[in-house]
Every structure is written in structure tokens, then in C-alpha cells.
Protein chains: 2
Amino acid sequence: MTIDPTDDQSPGVQARPSTVTLRDVADAAGVSKASASRALDPAAPYVSSGLRARVLDAARRLGYRPNASARATTTGATAMVAVLVSDIRDPYNAEIVHGVIGQAGESGLVATFAGTDHAIDDEIRVVRMMRSLRPHAMILTGARSGSTVSRASLEEELARYTREGGRVVIAGDDELPFDTAVVPRRQGASDLVAALFRLGYRSPALIRPDHDSAAARQWEDGIVEAARRLGMRIGEGAVVRAPMTRDGGYGAVGRLIERGAERRDVVLAATDAMAIGAMSAMRDAGLTPGSGIGVAGFDDVVGTEDVTPALTSVDLALAKVGAAAVELALTASGAERRRIAFEPRVVLRGTTPVRLG
Amino acid sequence: MTIDPTDDQSPGVQARPSTVTLRDVADAAGVSKASASRALDPAAPYVSSGLRARVLDAARRLGYRPNASARATTTGATAMVAVLVSDIRDPYNAEIVHGVIGQAGESGLVATFAGTDHAIDDEIRVVRMMRSLRPHAMILTGARSGSTVSRASLEEELARYTREGGRVVIAGDDELPFDTAVVPRRQGASDLVAALFRLGYRSPALIRPDHDSAAARQWEDGIVEAARRLGMRIGEGAVVRAPMTRDGGYGAVGRLIERGAERRDVVLAATDAMAIGAMSAMRDAGLTPGSGIGVAGFDDVVGTEDVTPALTSVDLALAKVGAAAVELALTASGAERRRIAFEPRVVLRGTTPVRLG
DNA sequence: CTGAAAGCGCTTACAG
DNA sequence: CTGAAAGCGCTTACAG
């Protein structure tokens with residue numbers, strides 16, 4: 001650890017935190033605070049290059065860092081985007097967050113995160129807390145569940161924030177009335193079905209989440225719409241609901257088999273985790289994923305390459321969605337609501353080989 | 001979206017962002033700003049309950065949120081911990097970050113994150129940027145790589161921050177001179193070897209990261225130390241280096257086989273991802289993980305349950321490490337450096353069955 | 001192009 | 001217990 005010896009003048013005295021301020025820089029450069037402030041701002045007009053050089057030099061020598069809080073109380077907003085994320089351990093969210101962090105860094109913003117545990121009431125609390133920071137924007141990501149009352153409260157809290165000049169952007173599903181970087185679930189699901197059709201699959205079984213989120217709905221809508229268009233049948237008994245986890249997928253297979261899933265030729269799960277669980281259950285039941293019956297997941301986050309055989313899935317360009325959310329937050333929005341969507345990409349792997357006959 | 005009709009008095013006028021300030025609350029309650037400030041602070045002494053009630057009521061009615069920036073410029077620090085994380089998509093980091101977010105929320109702090117892409121130079125840049133926010137503490141997590149010069153610059157930048165009154169805490173490996181919430185790698189590795197010994201394994205092969213991080217070193221030290229103590233032999237040829245990824249683990253197996261890994265009875269990889277890759281490679285080479293030759297990973301993050309057979313690993317209590325880092329950041333540190341470590345937990349699964357003979 | 005001054009929203013001694 | 005006043009570190013019209 002390097003210690004600047006000039007810093008502790010009187011060793012006996014309790015060392016108080018000493019921060020270099022604009023005042024110090026101005027003094028060191030022999031100019032006024034106003035000039036120092038302008039010299040440090042690359043966008044400021046009317047600064048002589050000599051003065052600017054002296055100030056910059058003094059700032060570097062002193063290790064000056066502008067106080068973001070003071071700047072924010074002057075300008076009204078913090079150079080920050082606040083991200084509300086339901087669960088950072090979910091690789092789906094982690095991928096979006098990665099995109100947000102990258103783009104925020106490039107745009108000179110810091111990104112702040114708060115966890116919300118999926119619950120809307122939690123999210124309301126967090127929005128309230130975040131409002132204190134006066135960030136340029138709040139980005140909401142991840143599925144949320146809660147009552148209609150809670151949802152209204154959340155929208156009210158967000159509306160308050162926008163009235164204060166804040167910007168709200170959704171990164172994910174298109175379910176709240178704000179600018180949205182859309183995760184292309186519906187189209188991805190449709191594309192998946194079309195790709196499987198081309199491989200020879202004709203009768204899918206579905207494992208869908210047991211709660212009614214926008215994500216679940218869009219996935220199912222995409223599947224059903226493409227199936228209908230292509231003349232594939234999805235009967236009543238071919239859809240089961242399960243918790244959106246690996247274990248949920250595992251448990252769903254039993255119920256599918258009770259209903260005669262052997263007559264189906266491919267199992268589609270709403271997430272990779274569910275699909276991976278389903279694969280384990282199939283194996284435990286004596287079925288071999290990829291021979292006789294296919295399996296496909298959704299999201300293409302992690303683990304799809306590491307099961308045997310590798311899992312077919314759909315890449316939703318999540319990091320791009322996160323980056324796009326930051327860009328939406330940065331550019332002024334007019335009256336109308338904006339949407340940005342990316343192209344999903346179906347990734348065919350070993351669980352869905354070409355089907356003969 | 002709920003709009004408060006009292007808010008837009010003159011429809012023709014450009015709606016300017018209007019924020020409720022302490023002044024507004026004080027006026028609404030008929031008290032001074034000073035009194036309003038005290039009434040809003042639960043810890044303030046000498047506030048009559050009548051006054052407090054009126055202020056609290058006014059604040060709620062108006063949707064008042066204190067301006068964290070203004071508060072911070074007054075008090076000198078932001079109620080915030082800044083977390084520097086190399087890559088949020090790495091489930092190892094995500095798990096620590098999850099612990100940080102949870103504990104920060106409970107302590108009334110917001111958590112801010114910045115990505116550093118593993119590079120020390122990036123980290124220096126980010127520390128500098130974060131210093132502007134004057135957070136109570138910075139928490140560093142994840143492995144970092146860089147030259148000795150860079151490392152010195154990083155430590156200098158961090159030292160500057162501590163001189164300003166900031167606190168630095170490491171969540172992870174014990175490689176920088178600050179308070180540390182220690183990931184118990186070394187002990188976890190030792191415990192793993194001891195557990196495998198009890199199952200009958202005698203001659204491990206090692207797949208270790210090809211860079212010389214503290215994490216890699218501690219894992220290897222733990223393995224070697226326990227093996228020596230138990231009289232197990234790890235020969236020259238039984239250690240290969242590989243990139244710390246799934247593909248790295250995959251590639252390592254080929255080299256292990258060239259060197260006659262068949263004579264080994266268990267393959268130990270420094271991370272789960274490497275172990276999972278190794279399993280795929282073994283299968284491709286005609287070996288079956290768990291029969292004839294065992295496999296064990298490390299970290300126990302995700303995916304260990306989803307490969308076939310399930311992967312033996314070591315749970316490093318990462319979320320607790322993250323939470324402990326926040327607690328270290330919150331409690332005053334004396335002169336001496338503090339360390340908190342948790343108990344690792346060996347999780348035996350299908351890849352390391354009891355070995356007969 | 002540069003400086004003196006006001007102001008951002010808060011907290012906290014200091015007097016009452 | 002309450003209020004008037006100073007001050008935190010910055011930015012930005014406003015005069016020169």
C-alpha cells in the first residue's frame with residue numbers, strides 16, 4: 001500500500017479523511033473555482049488552452065475526483081442508471097445486466113442495482129429508495145408477479161419518478177407502459193417451432209411456467225401461433241404447467257408421461273433450466289432425449305452445451321437488449337412509446353436431430 | 001399510469017420536472033426546514049411526537065423522497081457500497097453479488113456495480129470513477145490479472161480512497177492488503193481430497209487454471225497439502241494447465257489421456273465449468289465419468305445437478321461471503337486487518353461413487 | 001476568456 | 001423542543 005508522506009503532517013493527531021476539492025485544484029492552478037470547473041468540463045466553451053492545461057495538471061497531481069453528489073445537487077440528476085433486477089443469479093438476468101454495465105460504462109454512467117426478489121411490492125420499495133438517488137433513468141428487468149393493486153402502485157411510483165424528470169425503461173417483456181428494449185420471446189418461440197418443423201417434428205408437448213407472466217404468455221403464444229400456421233397439433237393434454245425451475249421441469253415430465261407423452265415427438269420447455277430438468281427426468285424414466293423424442297429449451301444462457309446431448313435452444317440477444325435499454329434511457333423520448341427489438345436466433349443441437357419419418 | 005391532477009396547473013406550459021423538496025414538506029407541515037429534517041430522521045433526539053407526526057404525514061402525502069445527493073454533499077458520504085466485479089455472468093460472482101445485494105438492502109444501503117473485465121487497468125479506471133460517488137465502501141470481488149506495476153497503481157488508487165475516509169473490502173481471495181471476506185478455497189480443496197480419500201480414491205489428476213491467480217494457487221495448495229498428509233501421490237504428469245472455462249476443461253482431458261490418465265482414479269478440476277467440460281471430453285473419448293474414473297469440480301454454483309451423473313463439488317458459501325463483505329464495510333475497522341472465513345461444504349454426487357478396491 | 005456570487009437540497013451546531 | 005443560519009462541493013448565469 002502506497003502512502004503519500006505529505007499527507008500525515010502530525011502523526012499524533014487523529015488522521016481525518018481529507019478529500020481534494022475543486023477549491024484545492026483551483027488554488028493549486030492559481031485560478032478561480034469557476035474557471036477550474038470549466039477547465040475540467042470537456043464540453044465547456046471559452047476556456048484558454050493554457051488555463052485548461054494548468055488546471056488539468058493540478059487535478060492530476062492532487063488526485064482530484066469531482067464529488068458526484070455535489071455535482072448532482074447542482075445539476076439535479078446523477079450520471080447514473082438504476083437497474084432493478086429480480087434475481088441476479090438467474091443467468092437470464094445476468095446476461096442483460098452484463099449488457100447494461102457495458103453500455104453504461106461506455107456512456108460514462110455508473111450503473112446501480114437493487115434486487116427485488118420478483119415481488120412487485122419489493123419493487124415499489126426499491127423504486128422509492130432509488131428515487132432518492134435521482135438517477136437519469138431506471139431500467140426494470142426480469143419478470144414480476146403481484147396483485148393488480150400492487151401493479152397500480154408500482155406504476156404510480158414510477159410515474160412520480162418520471163414527473164421528476166426521470167426516465168423509465170423496460171428491458172424484457174413488453175408489459176408496462178414505458179419505453180422498452182424487447183426480449184424477442186414471441187418471435188423466438190415461433191422461429192423455434194418453424195425450425196423443428198423443418199427437421200420433421202410434428203407434435204410438440206409444452207412445459208410452461210405455472211404463473212401467468214408476460215414472458216410465459218409470449219413464449220406460448222409464439223409456439224401456438226407457429227404451430228397453427230404450420231398445421232401442427234397441440235392437444236389439450238399436451239400442455240403442463242410447472243414452476244419455472246430445473247425441478248419444475250423435472251416434475252412436469254411425470255405428468256406428461258401419465259398423459260401419454262410418448263405419442264409426442266418433441267418436448268418444448270419455456271426455459272433452458274426447465275428443459276434441462278426435463279431431460280434428467282426423461283432419462284430417469286428410461287427415455288433418451290434426442291432419440292425418439294426431442295427436447296428444446298429457451299433463452300440459451302448457460303448449460304445448454306453441457307448436458308448430453310447438447311440442448312437445442314433460442315438465443316435472445318439478451319446482452320444487446322441490456323445495452324439498448326441504456327441507449328433508450330439516454331436519448332430523449334418524445335410523446336410516443338418506443339420499442340427496440342432484436343432478432344432471436346434458433347440454435348439447433350443434439351436434442352433435436354433430424355427426424356426421419 | 002396514474003397522474004396526479006394537482007400537478008399540472010397550467011396545461012399550456014411546458015411541464016417542467018417538479019421535485020418535492022424538504023422545503024415543500026416543511027411548508028406543508030408548517031414547520032422549519034430544520035425541524036422537518038429532524039422529524040424525518042428516526043435517530044434524531046428532541047423531536048416532539050406531534051411535530052414528527054405532522055411532518056411524516058406531509059411527506060407521505062407529497063410523495064417526498066430525500067435527495068440522496070444533497071444529503072451526501074452535506075454529510076460527506078453516500079449510503080452506498082460500490083462493488084467491483086470482474087464479470088457478472090460468472091455464476092461464481094453472481095452468487096457473491098447476490099449476497100451483497102441482500103445484505104446491503106437490509107442495511108439500508110444501495111449497491112452500485114461496475115464491471116472490470118478481469119483486467120487491473122480497467123479496475124483502476126473504475127475505482128477512480130467510483131471515488132466520485134463517495135461510497136461508504138468499495139467491495140472488490142473476482143480474480144484480477146495484471147502486471148506488478150498495474151497492481152501497485154491499483155493499490156495506490158485504493159489507498160487514496162481510504163485516505164478520503166472510504167473503506168475497502170475484498171470478497172474473495174486473500175491477495176490484497178485490506179479487510180477480507182475470504183472464500184474458503186484452500187480448506188474446501190483439502191476437505192474435498194479428504195472426502196475422496198474416504199471413498200477410496202488414491203491417485204488424483206489435476207486440471208488447474210493456466211494463469212497464476214490466488215484462487216488457482218489456493219485450490220492447488222489445498223489439494224496438494226491434503227494429498228501429502230494422506231499419503232496420496234500426485235505425480236509430475238498428473239497436473240495439466242488449461243483456460244478456466246468449460247472448453248479449457250474439455251481440452252485438458254486429451255492431454256491428460258496422452259500422459260496415461262487411465263492410471264489415475266479421479267480428475268479434479270479447479271472449477272465446475274472446467275469439470276463439466278472435462279466430463280464431455282471424457283465421454284467423447286469413451287470414458288464414463290463416475291465409473292472407473294471419478295470427477296470433481298469446485299464452487300458448486302450451477303449446473304452440477306444437471307450433468308449426468310451429477311457432479312461432485314464444493315460449496316463455498318459464496319452468498320455468505322458477499323453478505324459478510326458488506327458487514328465488514330459497515331463496522332469500523334481498527335488498525336489490524338480483519339478476515340472472515342466460512343466453512344466450505346463438500347457435496348458428493350454421482351461422479352464420485354464409493355470406489356471398491 | 002475569467003471571476004465573484006448565487007443557488008442546488010440537505011444537515012447540524014448554535015441560540016433560544 | 002424548535003428555528004435561523006452556515007456550510008457541504010459543485011455549476012452556471014451574470015458581469016466584466
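Only heavy atoms go into these numbers, but all of them, side chains included; no hydrogens, no water, no symmetry mates. Protein chains get the first letters and strands the later ones, always in sequence-line order, with residue 1 at the start of each.
Here dT2(C) presents its C1' atom at 8 Å from CG of L51(A), a figure rounded to the nearest Å. Atom pair R52(A):CZ and dG3(C):C1' shows a separation of 17 Å (rounding to whole Å applied).
Contact record, R134(A) with R131(A): NH1-O, 2.8 Å, taken as the closest heavy-atom pair. A pairwise comparison of heavy atoms in A171(A) and I139(A) identifies CB-CG2, 4.0 Å as the closest pair.
For the P atoms, the distance from dA5(D) to dC1(D) is 24 Å, rounded to whole Å. Straight-line distance between the P atoms of dG9(D) and dA13(D): roughly 23 Å, to the nearest whole Å.
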(request) Under the side-chain hydrogen bond (donor to acceptor under 3.5 Å, both in side chains) rule, what do S69(B) and S69(A) come out as? Steps first, then yes or no, please. (result) CA-CA 4 Å; S69(B) 297; S69(A) 296; 4.9 Å; no
Protein-proximity profile, nucleotides 8-16 of chain D, B/S/- by nucleotide at the 4.0 Å heavy-atom cutoff, equals BBBBBB---
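Salt bridge annotation for R65(B)-E164(A): absent, with no cationic side-chain nitrogen under 4.0 angstrom from a carboxylate oxygen. Ion pairing of R60(B) with D57(B) is present here, as a side-chain N (NZ or NE/NH1/NH2) and a carboxylate O approach within less than 4.0 Å.
When R125(A), R128(A), R151(A), R163(A) are each tested for a salt bridge (charged side-chain N to carboxylate O under 4.0 Å, His left out) with E157(A), only one passes: R128(A).
Residues that satisfy the salt bridge (charged side-chain N to carboxylate O under 4.0 Å, His left out) test with D41(A), not counting sequence neighbours, are absent from this structure.
DNA chain D contains the following stems of three or more consecutive Watson-Crick or G-U pairs, with both distances under 3.5 Å: C:1-3 with D:14-16, C:5-12 with D:5-12, C:14-16 with D:1-3.
With hydrogens and angles ignored, the 3.5 Å screen pairs a side-chain donor or acceptor of S132(B) with a backbone N or O of P66(A).
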